[in-house]
*Asks:* 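The structure is given below, and queries will be raised subsequently.
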Amino acid sequence: MNQPLVPSNQELGAGGFIFLGVEDVAMKKYEPQTIEPKWQKAWQRQDVYKTDDDKNKPKFYALEMFPYPSGEGLHMGHVRNYSIGDVVARFKRMKGFRVLHPMGADAFGLPAENAAIQRGVNPREWTLNNMKRIREEQARLGISYDWDRYVGTCEPDYYRFSQWLFLLFYERGLAYRKQAAVNWCPNCSTVLANEQVEDGRCWRCDAEVEKKELEQWFLKITDYADKLLEGLDRLPKWPEKVKAMQRNWIGKSKGAEITFTIPELGDEKVSVFTTRPDTLYGVTYMVLAPEHPLVPQLIQGKPNEETIRRFVKTMQNESELARTGSDVEKVGYDTGAVAKHPLTGEDVPIWVANYVLMDYGTGAVMGVPAHDERDFAFARKYDLPIRRVIFPFGTYDPDEKLEAAYTSEGVLDHSGPFNGLSNKEAMRKIPEHLQEKGLGGPTVSYRLRDWLFSRQRYWGCPIPIVYCDSCGVVPVPKEELPVMLPEDVVFDGKRNPLTTSETFVHTTCPSCGGKARRETDTMDTFIDSSWYFLRYTDPHNEEIPFAADKANEWMPVDYYIGGIEHAVLHLLYSRFVTKVLHDAGMVNADEPFTHYFPQGMVLKDGSKMSKSKGNVVSPMEIIERYGADTARMFILFAAPPDRELDWSDSGVEGSYRFLNRVWRMVQQHAGLFSNRPQAKPEDEAAKALYRQLHQTIKKVSDDIGERYQFNTAISAVMELVNAIYAYPEEADRGTLAEAVEKTVLMLAPFAPHMTEELWSQIGGEGSVHAQAWPMFDEKALVQDEVEMVVQINGKVRDKLVVPVSADKDAIEKLAMEQDRIQHFLDGKTIRKVIVVPKKLVNIVAN
RNA sequence: GCCGAAGUGGCGGAAUUGGCAGACGCGCACGACUCAAAAUCGUGUUCCCUCGUGGAGUGUGGGUUCGACUCCCACCUUCGGCACCA
């Protein structure tokens, strides 16, 4: 095991001073354990990070996803998340922005309730304790939050407005109840939204999700499908990956609805959805989902009646996983009934099969085996006819047997009046024709389903609805909010605890005053995080969720950082909620996050940190040992922020070493600042350092502010520090002082405690974090001489120092005169010479 | 299968507009300081060889160009998402 870098108190000697260096002066040792808490207290006392509301400054809203207050405290993923946000927030403040950088807790959720069931603790107390701990840990990291705006979603003064927003959705027809086959997690004893089912399993507990027929609350996110899609095109600063995931999830398909009729049911209509209306003449059968409402009538009295009845029952009881898994075999049964083809009038047999889903399209499909791979496989299995209607352009044999479905472009044949059309034209013309005849028409279908919103759990926001025997479903008036979560509940793990509270369940109807029953379901906790970023803009408003003028001062969030696991959960819901609030006139922004940045995972030994693997690195232990500044520095330096980061103990020591190096550098030169000389970069060394300093300022500003590449920003400062160490003693002292001072300023966003301490040591006024970010001197970047490379056939053969003013001819002449170049050109003919001023000369010769 | 991203030394990574590949850091080796060690400071560190004015080299194969990690085409590998969505 490595020797700890942090010395013990005995090693430090009296007064924390040790002797270092050749100049034999007493220097203070870098002791993060002392200075970090000291400055954290000072910042708090002086309200250093209170949100600046100076409207003359441009705004910047920096936000990190707020944590769920688990009993574990913060993990390294949080540290990475907050470190990135804090660097940006601090940098923008120094750059003259007014910055909103708030924090809160996503405090409702199942684990609190499970703790209540397993350990008999009060979920509220359990949660509040965890919140307190996490807040302390966040403060210990030295993140510059405005704690006055802290928001906990489980607090009545927050959730009353979650209820307020629910009522707004209800008023706007966007919240409704319906009976449906829904996802049920047997382990969590609650229903789940589609977004919360991953591979047929519960996103939280990984249990296999079951289907249940229940009446539930839904939010009409499908009404916003097109707006959610369109909005993505206006988010250039979102990763393509995340936008693709959302597009994928929404799953918009253009096609047609086509109406078939069933003569034996008195010309009952049955519609199918297809993306290939051009293949309509190739239909040889039709398939209904097992749950399709027409199935019972169709099979009545048919030979297959009993078999199909049993098949339908099995399908209904099958889990999502067993039903839609990728290699589940297609199974179907002929109902014995037939439908009439809308254009040819031919009989089309109607089948029922497992692969047709009731909740997509119309729950019925037309079977075109010649031009669809699934239909082809199905037709082969059950010996159904295959009728080809699309053929390759050019010559073709209209009766050729197919060995596989033909899914490419082509020309129509065997298609009545549409023969000879390209299938692309037919895709447009056939639906138009159907529409004229009242047999369907063009339509679009979405994969996205409405947001199943109610949960049969206690620790969430109560849905503000009562059920009255005479008035029916009655919303609780906004002025009566919040509907408080009751405390007199039983946690037995057998039922929704809310149903056990007599005082909660029994109430009076707000409309008629008669006896009524409260809704005992709570809201999906994803609603809480779908608007918290708006609440931060006006966190103490007691009348409404937030005032429009406050929200408009800050929204949208300029830089939002958090895990990509929320790509189609939190991020989709937040976009939806923001769009609804925009349409309700509550906020101008119709997209919540201008720039979304998913930080990479923190790994240890190549895999995700987990208790079971025993590879968890505790942030608080690292802080105790090296300080928060080192932890932040390492996590930002070790990898670009979007990539995975493998935790490395020696890497952490490297970052600690660097901070010590900066610390000693300032100590060594602290004397310069008592009577500080002006920078006069006249000697060569001073000129070079001055230039490097200003190049570094330019690069670091660009890396943080534009590129969000903190690892390269830090490496540039490291190079500058190396240059300061190498700076000769006889060179200009003023230039040195400037370099030292600006190094401290540039490191302030990364290592806020150490730089604050150093800033006070070199006599800086006020907090280092209230200083203006250094400007670079454009003139300093101009060089009078540049090094140029001389290549022969693209290989570097020599280097030249050339005045920047030299013209191409002069450079070429100079290059040709070099001995080395002459040697390489010996016996060769020069074919061409390329001169790129300030870069290189390339001589082509053979 | 479809969509998205990534492949560079022993390791993490850099190269911002097509112009010196390997910045910065880790690790390693050697040296200075020390009675000694730690810390610190300094030097070296892509690979190969016949060791010099050498050759090769950014997943593979081709192409464009005076010049390609960077652009184009084809492919391989890894990771992530979606997937009986009609």
Side-chain angles (χ1 to χ4, degrees), chain A residues 3-5 7 11 18 20-22 198-199 239-249 251 253 255 272-276 287 323-330 353-357 359-368 372-375 377-378 445-448 564 567-568 634 637-640 642-646 648-655 657-658 660-661 664 699 702-703 706-707 709 711-712 714-719 721-722 725-726 787-799 819-821 823-824 826 831-834 836 838-845:
Chain A
Q3 194 77 15
L5 281 166
E11 283 171 306
I18 55 166
L20 294 165
V22 283
E198 297 168 347
D199 280 331
E240 226 20 79
K241 174 171 39 170
V242 176
K243 289 191 279 187
M245 280 159 83
Q246 291 208 356
R247 285 194 191 102
N248 223 326
W249 188 261
S253 311
V272 300
F273 172 73
T274 179
T275 54
R276 293 294 306 273
V287 190
R323 176 80 182 271
T324 62
S326 47
D327 22 66
V328 176
E329 217 203 322
K330 289 179 182 55
N354 61 344
Y355 74 96
V356 178
L357 308 172
D359 56 357
Y360 180 75
T362 59
V365 301
M366 60 187 209
V368 186
D372 182 281
E373 279 161 29
R374 289 157 305 173
D375 295 349
F378 193 74
S445 197
Y446 300 90
R447 217 186 72 99
L448 182 72
I564 197 160
V568 277
F634 167 70
F637 176 66
D642 54 340
R643 235 181 277 184
E644 287 181 337
L645 180 152
D646 204 358
S648 143
D649 293 333
S650 49
V652 179
E653 301 208 348
S655 292
R657 208 144 47 209
F658 170 65
N660 269 288
R661 202 166 144 81
R664 284 194 309 272
K699 174 157 178 65
D702 190 48
D703 279 355
E706 305 298 326
R707 301 206 313 146
Q709 290 287 309
N711 54 327
T712 51
I714 293 170
S715 75
V717 178
M718 286 174 167
E719 285 180 79
V721 170
N722 290 345
Y725 266 90
E787 191 184 62
M788 286 182 61
V789 165
V790 184
Q791 298 179 332
I792 293 172
N793 297 331
K795 288 195 173 92
V796 180
R797 294 301 186 189
D798 205 355
K799 292 179 182 183
D819 285 349
R820 266 180 73 95
I821 297 305
H823 169 84
F824 276 101
D826 191 29
R831 302 289 171 191
K832 196 171 179 182
V833 179
I834 291 113
V836 184
K838 297 189 207 178
K839 294 251 162 83
L840 54 64
V841 179
N842 190 13
I843 301 161
V844 186

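The structure presented is a predicted model; accordingly, all values stated were derived computationally and were not measured. Heavy atoms only: backbone and side chains are in, while hydrogens, waters and symmetry mates are out.
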*Asks:* So does A/Glu373 have more than 12 non-hydrogen atoms from other groups sitting under 6.0 Å from CD?
*Replies:*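 Counting other residues, nucleotides and ligands, CD of A/Glu373 stays at 12 neighbours or fewer.
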
*Asks:* Indicate syn or anti for B/G9, taking the glycosidic torsion and treating anything within 90° of 0 as syn.
*Replies:*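 This nucleotide is in syn.
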
*Asks:* Expressed in whole Å, how much space separates the C1' atoms belonging to B/A68 and B/C24?
*Replies:*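 Comparing C1' positions in B/A68 and B/C24 gives a spacing of 25 Å.
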
*Asks:* Determine the interatomic distance between P on B/C72 and the same-named atom on B/G19; round to the nearest Å.
*Replies:*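 B/C72 and B/G19 have their P atoms separated by 15 Å.
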
*Asks:* Reading RNA chain B from 5' onward, which residue's closest nucleotide shows up sooner: A/Ile834 or A/Phe273?
*Replies:*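 Counting from the 5' end, the first nearest nucleotide belongs to A/Ile834.
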
*Asks:* Between B/A38 and B/A32, how far apart are the P atoms? Round to whole Å, please.
*Replies:*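 Their P atoms lie roughly 14 Å apart.
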
*Asks:* Does B/A15 have its OP1 or OP2 closer than 4.0 Å to a side-chain nitrogen or oxygen of A/Arg707?
*Replies:*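 So the side chain of A/Arg707 is within the cut-off, an N or O lying under 4.0 Å from OP1 or OP2 of B/A15.
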
*Asks:* Taking only the side-chain heavy atoms of A/Gln791 (C-beta and beyond), determine which of B/G19, B/G81, B/A14 contains the nearest atom.
*Replies:*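 Closest nucleotide among those given: B/G19.
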
*Asks:* Which residues satisfy the ring pair (Phe, Tyr, Trp, His ring centres under 6.0 Å) test with A/Tyr355, sequence neighbours excluded?
*Replies:*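 Ring pair (Phe, Tyr, Trp, His ring centres under 6.0 Å) check on A/Tyr355 returns A/Phe378.
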
*Asks:* What interatomic distance, in whole Å, is found between C1' of B/A83 and the corresponding atom of B/G1?
*Replies:*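 Their C1' atoms lie roughly 8 Å apart.
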
*Asks:* Does the protein touch nucleotides 48-56 of chain B at the base, only the backbone, or not at all? Give it as B, S and - per nucleotide, heavy atoms under 4.0 Å.
*Replies:* -----BSSS

*Asks:* In whole Å, measure the gap between the C1' atoms of B/U43 and B/A5 for me.
*Replies:*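 Pairwise C1' distance, B/U43 against B/A5, rounds to 41 Å.
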
*Asks:* State which of B/A23, B/U16, B/G19 makes the closest approach to the side chain of A/Asp703.
*Replies:*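 Closest nucleotide among those given: B/U16.
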
*Asks:* Would A/Ile834 and A/Val841 count as a side chain to side chain contact (heavy atoms under 4.5 Å, CB included) if you check the C-alpha gap in whole Å, the side-chain angles of each, and the deciding distance to 0.1 Å?
*Replies:* CA-CA 6 Å; A/Ile834 291 113; A/Val841 179; over 6 Å; no

*Asks:* For RNA chain B, what is the dot-bracket line, given that a base pair needs Watson-Crick (N1 to N3, plus N6-O4 or O6-N4) or G-U wobble (N1-O2 and O6-N3) geometry with both distances under 3.5 Å, and | means paired with another strand?
*Replies:* (((((((..(((......[....)))((((((.......))))))((((..).)))..(((((..]....))))))))))))....

*Asks:* I'd like to check A/Leu645 versus A/Phe634 (side-chain heavy atoms, cut-off strictly below 4.5 Å). Are they in contact?
*Replies:*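 A/Leu645 vs A/Phe634: side chains touch.
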
*Asks:* Under 4.0 Å: is that the gap between some side-chain N or O of A/Lys241 and OP1 or OP2 of B/G80?
*Replies:*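 False: A/Lys241 side-chain N/O out of range (4.0 Å or more) of B/G80 OP1/OP2.
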
*Asks:* Counting only distance, no hydrogens or angles, is the base of B/C82 paired donor-acceptor with the side chain of A/Asn248 under 3.5 Å?
*Replies:*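 Not at all, since no donor on one side and acceptor on the other fall under 3.5 Å apart.
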
*Asks:* When the C1' atoms of B/A74 and B/G10 are compared, how many Å lie between them, rounded to an integer?
*Replies:*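 Between the two C1' atoms, the distance is 33 Å.
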
*Asks:* Taking only N and O in the side chain of A/Asn842, is any of them less than 4.0 Å away from OP1 or OP2 of B/C20?
*Replies:*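 False: A/Asn842 side-chain N/O out of range (4.0 Å or more) of B/C20 OP1/OP2.
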
*Asks:* Does a side chain donor of either A/Asn722 or A/Arg661 reach within less than 3.5 Å of an acceptor in the other side chain?
*Replies:*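 A/Asn722 vs A/Arg661: donor-acceptor pair found between side chains.
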
*Asks:* Using only side-chain N and O atoms of A/Arg447, determine if any of them is under 4.0 Å from OP1 or OP2 of B/C2.
*Replies:*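 No.
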
*Asks:* Counting just side-chain N and O atoms, does A/Arg664 come under 4.0 Å of either OP1 or OP2 of B/A39?
*Replies:*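 Negative; the distance criterion is not met.
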
*Asks:* From B/C3, B/C24, B/A86, pick the nucleotide closest to the side chain of A/Ser253?
*Replies:*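 So the side chain of A/Ser253 is nearest to B/A86.
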
*Asks:* Taking only the P atom of each, what is the distance from B/G31 to B/C49 in whole angstrom?
*Replies:*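 Straight-line distance between the two P atoms is 26 Å.
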
*Asks:* Counting only side-chain heavy atoms from C-beta out, which of B/G27, B/A14, B/G19 sits nearest to A/Val836?
*Replies:*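 Closest nucleotide among those given: B/G19.
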
*Asks:* Among B/G4, B/A14, B/A86, which is the nearest nucleotide to the side chain of A/Pro640?
*Replies:*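 Closest of the options to the side chain of A/Pro640: B/A14.
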
*Asks:* Would you measure the distance from the P atom in B/G12 across to the matching atom in B/G7 and give it in whole Å?
*Replies:*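 My reading of the P atoms in B/G12 and B/G7 gives 12 Å.
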
*Asks:* B/G80, OP1 or OP2 - any side-chain N/O from A/Arg643 closer than 4.0 Å?
*Replies:*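 Looking at the OP1 and OP2 atoms of B/G80, neither is under 4.0 Å from any side-chain N or O of A/Arg643.
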
